[in-house]
Protein chains: 2
Amino acid sequence: MVALTIGKLASATGTKVETVRYYERAGLIDPPARTDGNYRAYRPEDLERLRFIRRTRDLGFSLDEVRALLNLAAQRDRDCGTVDELATRHLEEIDRKIADLMALRRELAGVIASCAGGTMADCRILGAFAPSAAS
Amino acid sequence: MVALTIGKLASATGTKVETVRYYERAGLIDPPARTDGNYRAYRPEDLERLRFIRRTRDLGFSLDEVRALLNLAAQRDRDCGTVDELATRHLEEIDRKIADLMALRRELAGVIASCAGGTMADCRILGAFAPSAAS
DNA sequence: TATGGACCCTGTAGTTGGTACAGGGTCAAG
DNA sequence: CTTGACCCTGTACCAACTACAGGGTCCATA
């Protein structure tokens with residue numbers, strides 16, 4: 001029998017067992033067949049599918065986006081432009097996040113650089129956190 | 001009377017009313033006095049405190065870190081080194097996040113660049129998402 | 001004085017993407 | 001036959017809010 005237990009499936013993909021069950025609840029993987037003892041019995045295709053999920057999650061796609069990608073991948077005759085579009089939009093979002101973090105980083109670094117020691121009462125960092133008054 | 005309603009406090013700091021109540025539940029702001037009609041009555045100091053919270057939140061500090069900063073700020077005679085340390089650790093974390101996102105961005109951009117159109121069946125992007133087999 | 005609308009109150013549930021039990025059942029080895 | 005590793009379901013928890021539902025209050029205007 002080529003069937004995998006959930007533990008094998010999980011360790012083969014670097015996923016936790018609970019996460020696999022969570023993906024099933026979330027509708028990302030179909031409920032597999034069960035053994036006599038009510039254990040989940042996965043097929044090799046399920047391993048492929050879970051790997052796909054892991055990979056796309058690692059690339060920062062949300063579960064909704066992963067679901068969409070899985071659905072698209074299943075329609076093998078359709079044009080793949082939609083995939084490109086989805087991935088490109090995701091890339092743009094990553095770019096926005098990077099830009100936001102860099103702006104924040106610049107601001108925080110400025111605040112920290114202003115520190116000249118002393119007590120809390122005259123701390124420049126805390127001062128920078130209190131917009132109007134010095135308290 | 002200088003007391004502010006929760007709505008005034010919220011709009012003066014760009015916060016939602018529910019968020020202010022949430023901060024109270026989370027122990028970031030003390031439960032204020034109440035009016036006869038059981039409305040929260042805030043003092044100007046509360047406005048300062050909420051501004052501080054908003055500012056530090058905007059700089060990416062977690063609520064736990066904000067709590068710590070508020071506690072430190074209250075001990076006006078202590079040395080402010082701890083504040084500097086907390087802020088510096090936070091900056092390092094931001095740097096890690098930026099680095100992670102940039103690595104991810106590079107990888108995703110590579111995947112997208114490989115796209116040559118065609119059907120899902122021979123989509124290079126989907127191929128890059130399926131680690132071993134082509135399915 | 002009545003009434004309407006803007007505001008406030010508490011309490012609870014939902015969001016994302018899992019993680020962590022509790023309290024059981026199954027399976028294989030020794 | 002027992003032990004330990006694994007599996008099952010169901011529920012609760014995390015951050016940091018947000019969004020109601022179902023009520024109460026306040027004040028300006030008709």
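Letters A, B, ... are given to chains in the order of the sequence lines, protein chains preceding strands, and every chain is numbered from 1.
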Between atom [atom1] in [X] and atom [atom2] in [N], what is the gap in whole Å?
X	N	atom1	atom2	result
A:Y42	D:dC6	OH	P	16 Å
B:L59	D:dA16	CG	C1'	17 Å
A:L9	D:dC7	CG	C1'	14 Å
B:L4	C:dC8	CG	P	11 Å
B:K8	C:dA6	NZ	C1'	11 Å
A:E24	D:dG10	CD	C1'	14 Å
B:D36	C:dC9	CG	P	14 Å

Should we count [atom1] of [X] as having more than 12 external heavy atoms under 6.0 Å?
X	atom1	result
A:R57	CZ	yes
A:N71	CG	yes
B:R124	CZ	no

message = Considering every strand and a 4.0 Å limit on heavy-atom distances, what is the contact class for A:T35: base, sugar-phosphate, or nothing?
response =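 Here A:T35 touches no strand at all.
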Is any side-chain N or O of [X] closer than 4.0 Å to OP1 or OP2 of [N]?
X	N	value
A:R34	D:dT9	yes
A:Y39	C:dG25	no
A:R40	D:dC8	yes

Check [Y] with [X], please: is the shortest side-chain N to carboxylate O separation under 4.0 Å?
X	Y	value
A:R54	A:D58	yes
B:E18	B:K16	no
B:D46	B:R49	no
B:K97	B:D100	no
B:R89	B:E85	yes

ask   = Is there side-chain contact between B:L28 and B:Y22, with heavy atoms separated by less than 4.5 Å?
value =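 B:L28 vs B:Y22: side chains apart.
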key: Contact nearer the 5' end of DNA chain C, comparing A:N38 with A:Y23   =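 So the residue in question is A:Y23.
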query = How large an angle, rounded to 10°, do the end axes of the helix from C:dT1-D:dA30 to C:dG30-D:dC1 enclose when each is built from five base pairs?
reply =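 Taking the rotation axis at each end, their angle is 30°.
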Please write out each protein N/O paired with an N/O of nucleotides 18-21 of chain D under 3.5 Å, distance rounded to 0.1 Å.
unit_1, atom_1, unit_2, atom_2, d
D:dT18, OP2, B:T19, OG1, 2.7

